[in-house]
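Please read the structure below before turning to the comments.
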Amino acid sequence: MNPDFIKTICPYCGVGCGLVLKVEDGKVVGTYPDKEHPVSRGTLCIKGWSAHQFVHHADRLKTPLVKRGDTFEKISWDDAIALAVEKLQSTAARYGGDAIGGLSSAKCTNEENYLFQKMIRMAFKTNNVDHCARLCHAPTAVGMGQTTGSGAMTNSISDLAGAECILIIGSNAAESHPIIMGEIYKAADRGAAVVVVDPRKTAVAENAQVHLRINPGTDIPLLCGMMRHIIDEGLHNEKFIHDRMEGFDELKTFLRSWPVERAAKECGIAEEEIRRVAEMYARAKDAAAVYCMGITQHACGTANVHAVCDLAMLCGQIGKTFSGVYPLRGQNNVQGACDMGALPNVYPGYQSVSVPAVKEKFEKAWGRELSAKPGLTVTEMIGSAGKDIRALYIMAENPALSDPDVNHVLESLTKLDFLIVQDIFLTETAKFADLVLPAVCFAEKTGTYTNTERRFQLLRKAVEPPGEAKGDFEIICLLANALGLDFPYKHPGEVMEEIAKLVPEYGGIRFDRLEKAGLQWPCPDLKHEGTRFLHDVQFTRGKGLFIVPAYTPPFETPDGEYPYWLSTGRMFAHYHTGTMTRRSAFLSREMEGAYAEMHPEDAIKAGIREGDRIRITSRRGSIVTAARITKRVARGSVFAPFHFTEARANILTNPVLDPISKIPEFKACAARIEKEPHEKHER
Amino acid sequence: MLEKVKEIARTVLAEKQADGVLGLMKGQWDIIQPHIFESPVEVDALVIEPKWLLAKMAMTVLRSSREGYRLAVVVRGCDERALTELVKRNQIEKERLVTIGIACTAEQAQACICDRPYPQKLDCGDAVAGVDPFSIESVKELLAGDGPARMEKWANILKRCIKCYGCRNSCPICVCVPCKLEDQVWVETGVIPAEVLSYHLIRAFHLSDTCVACGACQEACPVNIPLMALQLSMREMLRETYGYDAGLDPERNSPILYDLCKEPAAGQALPDWVNSLRKDDES
Ligand code: SF4
Ligand code: SF4
Ligand code: SF4
């Protein structure tokens, strides 16, 4: 048999690059970049190039498994579905539907997310459905939703290349969204000013014109200082504010309390620098603000997002090409999972569950009574496991590595009456499951993903699943039908048509229209070509709203006992909990094991050398990892990637939540570092 | 022109000159991707745009196909040169390869700064004049200055590298297993940017005498590093010193390995180990 080439979409990050998979004898044997892809245009990052490598890994789950005692036993699909139905129904009967929770997945397709939330909402009359967006861009969804009316990236990735000034706050795009860097460098080569705000000297910072190395968690002071200076100098866009905004007076009054001097002191940046950067941004014809986890993963994450939006709106840098606000979404389909209503407070298309007219609309469409009460978030569901939540159904998520304070997460998982985990590998989370359902990976399914620039893209099935594994789509339908619902879907395209009917913004999305370039929502009808940038003549919410950013410093700060700032994040060769990348030979070769970065001066003081085993301890637990000595981190700081199961950085992180969006503060907590004696080998 | 390519492809298949034709296909929903055409009817869907190098794919296809399988490839000038080099380096058996050569447009030649935008064996289209890359301002600028100045300039450019390995993966001639870039003795793992000397210059030098100026490396670079300028200057040296152009003459081996002992450049003294190559050459 000759090889076949199948175009599809990268399963890793939200850039959504185009891949061409090479298939030989029913196996994916290679990945090539898609020359025609509108975003990646024939390029990929190291993860994209390696996307095929985990697909046929020996560890893939091939049959449903049931936990008997401490071990798993194979069972048939019929038995597995019957068991799931029995447990879920008896739990719901005994404790009520709100005792059931569902974690949907930013790794799964739009259609799967739609069906997942529909099933949970219909079958159990609960809104307890959420997914890992809670841990990354929940503050964006809420914060940008409040200020602009839409929690999505305002412009397109390619717009960055045309900006005159690009402000990058808390995003290490060079490692986390590498393909986007190309557009940023194009702008730089045309003379644009690139300003990076980050406590770490990341690869992005290395290549920037200005790097503001702020103290951890002081984004709001910096942005307030900038805004204050802009207003003082009269550089704000009065016409834009007058015509299109509301709430300016409140913001202006508030900014009186943030003179540049105070901002400078708080964030550890010289006053002149703050002024200079403020002017660079404000004077640019088109200025873009890019941000990521450095903004959102704080206990004041939503307020951080408000501050970024405020700055953009103050200067009228929104609602036109080459400008805008760019929250870079993490997972391949985290945008889509949010869009499809895998959130506890909204149905698909961000339609609120507590608005009676909306609820009625969905009740009518779905033919079941639904709950008006917003459900629990990821962190709340796990926190109340064994109490309010008795049974949990997790589709392709791995909270045992991804959530803060994982020791506590693991303890919670054991308290559940019943845990179903549906995944492609026996993840750290799946090990705690009572029932494991084998699902399929990106190369084995058809459907759509929505990338960070709101682009619906087609995923094409290249190979058959291993063993008896079934697509998440099929599993949800099986389970839903067994639960007494009517899920007659044969093909994801039918689901997309149903979605298009329920969400006006996606009204024009159909599989056969996604062709080679996909479509960027809003796309209201079949003639519509999609939307390159939002808030054109008016904001989605009508007028834009300035919101006074409520600053709270990081909850935990270094002290005598825990003298270091700890932050967590990604590194370029691995992805999130490593379930896929660490099973990819080329990627594990590039980075085999866990490490943490610390500053040379701190290392000398502690007698630690490159590669030494070190123990990092926080109030929640400790991990042993390898020291990487580098000036990338500031003195007194330590950075640990969270990909590695043998040294789970999230054992250390603080589960304190942003009160509005409920995101945990991953980016700042206090820790202690000790050299680990040689002879001792953990794990 | 496209019709002519299709006609040739159909003939190649009908006459069994090859078992398959590797080219681009416009399939369902107008999606364009590489494809192996195995029947003349299928060839209706063949297209020749965009530029999409197929040489490396051809090599892997031939490697994993059954013995005696013959593959025809629709090639532009660069693709043909790459295939020639792969044959010379024993990566492809000549007898199993057929080419259908197409000429590039003037715009394409300009975009690629290609000085030979047509294959030696031209089957379709008219050859247009090439572009002298060294007449291009940006290339001149990249190569200007003395050693230290150039080093500084390039270090700044290469600092953007995100270590995707795309330049290596996409290069049709970059085929060594194991690859030196994966050798931890030379290249530190797990950090970006990749180091200038050990990563970028090893890659560039390893291809100095095989590079066919196809531009695939540069096209695959997500952060727009002008990698071609590095390769072109080395190609130019070989051309000046030895009159050697990789990919043109299927019979002539690289002067770096072979001609060095036969026709050293003027004033060049050869080290003793060069003798060991002689035997190789004669046997
Ligand atoms: S940038 Fe993101 S989508 Fe693109 S190849 Fe890398 S991981 Fe995949
Ligand atoms: S080095 Fe670059 S230009 Fe030269 S053959 Fe390889 S990919 Fe083509
Ligand atoms: S293609 Fe570009 S970014 Fe990728 S490794 Fe090569 S030089 Fe670096």
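Just so you know, these numbers come straight off a predicted model, no measurement behind them. Computed from heavy atoms alone, side chains included, the values below leave out hydrogens, waters and symmetry copies. Chain identifiers are assigned alphabetically (A, B, ...) following the order of the sequence lines, protein sequences preceding nucleic acid strands; residue numbering begins at 1 within each chain.
- Rounded to the nearest 0.5 angstrom, A/Trp49 CH2 and B/Arg168 CZ are separated by 9.5 Å.
- Between the A/Lys7 side chain and the B/Ile32 main chain, a donor and an acceptor come within less than 3.5 Å of each other.
- Interatomic distance, B/Gln33 CD to A/Leu21 CG, rounded to the nearest 0.5 Å: 10.0 Å.
- For chain A, the nearby parts of B/Glu182 are the backbone and the side chain; heavy atoms of each come within less than 4.5 Å.
- Taking the side-chain contact (heavy atoms from CB on, under 4.5 Å) definition, one finds that B/Cys104 meets it with B/Arg76, B/Gln108, B/Pro117, sequence neighbours left out.
- Every side chain to side chain donor-acceptor pair (under 3.5 Å) that A/Tyr185 has, sequence neighbours left out, goes to A/Asn207.
- Contact record, B/Ser64 with A/Glu24: OG-OE2, 2.8 Å, taken as the closest heavy-atom pair.
- Comparing B/Val61, B/Leu71, B/Thr60, B/Asn169 by how many heavy-atom pairs each has under 4.5 Å with chain A, the most go to B/Asn169.
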Would you mind writing out the side-chain donor-acceptor pairs for residues 13-24 of chain B within the sub-3.5 Å range, not counting sequence neighbours?
| from | atom 1 | to | atom 2 | distance (Å) |
| --- | --- | --- | --- | --- |
| B/Glu15 | OE1 | B/Gln17 | NE2 | 2.9 |
| B/Asp19 | OD2 | B/Arg70 | N | 2.7 |

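- Chain A forms the most heavy-atom pairs under 4.5 Å with one residue out of B/Val191, B/Asn156, B/Val187, and that residue is B/Val191.
- Residues A/Glu206 and B/Arg160 are not paired through a salt bridge, judged by the lack of any N-O separation under 4.0 Å between the basic side chain and the carboxylate.
- Neither the backbone nor the side chain of A/Leu587 comes within contact range of chain B; no heavy atoms are under 4.5 Å apart.
- Chosen from A/Glu592, A/Arg589, A/Met571, A/Met181, the residue pairing most often with chain B at heavy-atom distances under 4.5 Å is A/Arg589.
- Among A/Arg41, A/Met591, A/Glu590, the residue with the largest count of heavy-atom pairs under 4.5 Å with chain B is A/Glu590.
- Of all the listed residues (B/Cys221, B/Cys164, B/Gly166, B/Cys161), the one sharing the greatest number of non-hydrogen pairs under 4.5 Å with chain A is B/Cys164.
- By number of non-hydrogen pairs under 4.5 angstrom with chain B, the leading residue of A/Ala573, A/Ala174, A/Ala203 is A/Ala174.
- Residues of residues 223-231 of chain B having a heavy atom under 4.5 Å from any heavy atom of chain A, listed by number: B/Val223, B/Asn224.
- When each of B/Lys163, B/Lys56, B/Glu219 is scored by its heavy-atom pairs under 4.5 Å with chain A, the top score falls to B/Lys163.
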Chi angles and distances behind the side-chain contact (heavy atoms from CB on, under 4.5 Å) call for A/Glu36, B/Ile31: CA-CA 9 Å; A/Glu36 288 219 307; B/Ile31 290 161; over 6 Å; no

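- By the neighbour-count criterion of 12 heavy atoms within 6.0 Å, atom CD of B/Glu49 is densely surrounded, having more than that number from other residues, nucleotides or ligands.
- Side-chain contact check for B/Trp52 versus A/Val20: some heavy-atom pair is nearer than 4.5 Å.
- The local environment of NZ in B/Lys140 is crowded, with over 12 non-hydrogen atoms from other residues, nucleotides or ligands closer than 6.0 Å.
- Looking at A/Lys47, neither its backbone nor its side chain comes within 4.5 Å of chain B, counting heavy atoms on both sides.
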Going through the distances and angles, do A/Cys45 and B/Ile162 end up as a side-chain contact (heavy atoms from CB on, under 4.5 Å)? CA-CA 8 Å; A/Cys45 81; B/Ile162 56 159; 4.3 Å; yes

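- Residue A/Arg609 qualifies as open at atom CZ: its count of foreign heavy atoms under 6.0 Å is 12 or below.
- Counting heavy atoms from C-beta on, the side chains of A/Phe5 and B/Met57 come closer than 4.5 Å.
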